[in-house]
Amino acid sequence: MATRQVLAELADAAVAAGFPRVEIESVGGVTAANRVAEGEAFDLVLLASGALAKLAAAGHVLADSVVPLVLSQVAVAVPSGSDATAEKPVGAAFEDAAGVRAALRAARAIGYSTGPSGDALVRMIAEWGLTEEVGDRLVQARAGVPVAKLLADGEVDLGFQQLSELVGQEGVRILGVMPDDCAIDTVFSGAVAAASQDAVAAEVLAFFASDAAAPIKQAHNFTLPQH
């Protein structure tokens, strides 16, 4: 879901570059991986790299077609107290990991997402020895409900989610991305599905990974992964 808007724009750009229209369906990462593993027919699969690697190992996508597309950073947000859209963040939310730990301890309720970024946050909290202290205040967003909505509705007063999913959402104020010493970064990659019969699929994926697509990714608050 973190990539749905950028992928839609990349699909439009591919058409403008002379490729056929790609119909993109954006769903949660776990759901997407399960559907591919169950044999549903797709030409391209776009997921967090770890999930895609598992599909490649099981033969559901072509391992030699896997290519990194975007790097997504987890950001920290709080309720805005108004309906104003989220400001574009500048720099890190806190100076260092100590600031994140202090914010966690001070929060009434902490929202986090499903998928690899949420799992990484829970692991980090455990590594810091804070699970007993803040564990009962962790609120995982329900399927289809972004962390931004939990913040805007007052269910939580501190939220962690992919930056691309927080930018522009009403009722939240983005403090910035996680500091360098505890950054949670997710690389989203693409691959050609093993069941694909469309020879153009690999060419479209190559366009998504090309330098021509970089400005679109950056405009959606993604950085470019190392190939």
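Residue indices begin at 1 and follow the sequence shown.
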Measuring only between side-chain heavy atoms, which start at C-beta, is [X] closer than 4.5 Å to [Y]?
X: V139; Y: L150; value: yes
X: V177; Y: L163; value: yes
X: T3; Y: V6; value: yes

Backbone N or O of [Y] within a donor-acceptor pair of the [X] side chain at under 3.5 Å?
X: D96; Y: A98; value: yes
X: K217; Y: L224; value: no
X: S65; Y: L62; value: yes
X: D181; Y: A97; value: yes
X: D157; Y: A109; value: yes
X: Q161; Y: S113; value: no
X: D119; Y: V122; value: no
X: S49; Y: V187; value: yes
X: R137; Y: A107; value: yes

Minimum heavy-atom separation for [X] and [Y], please, with both atom names.
X: A11; Y: I24; answer: CB-CD1, 3.9 Å
X: L104; Y: I125; answer: CD1-CG1, 4.0 Å
X: F207; Y: A17; answer: CE1-CB, 3.9 Å
X: C182; Y: V100; answer: SG-CG2, 3.8 Å

> Should the pair E170-K149 be classified as a salt bridge under the 4.0 Å nitrogen-to-oxygen rule?
Replying inline: no
>> According to a hydrophobic-cluster definition based on side-chain heavy atoms being under 4.5 Å apart (Ile, Leu, Val, Met, Phe, Trp, Tyr only), do L205 and L47 belong together?
In response: no
> Can you find a side-chain donor-acceptor pair between S117 and T186 that sits under 3.5 Å?
Replying inline: no
>> Walk me through whether L166 and Q162 qualify under side-chain contact (heavy atoms from CB on, under 4.5 Å).
In response: CA-CA 7 Å; L166 289 169; Q162 307 282 355; over 6 Å; no
>> Please check if the number of heavy atoms outside E95 that lie under 6.0 Å from its CD is greater than 12.
In response: no
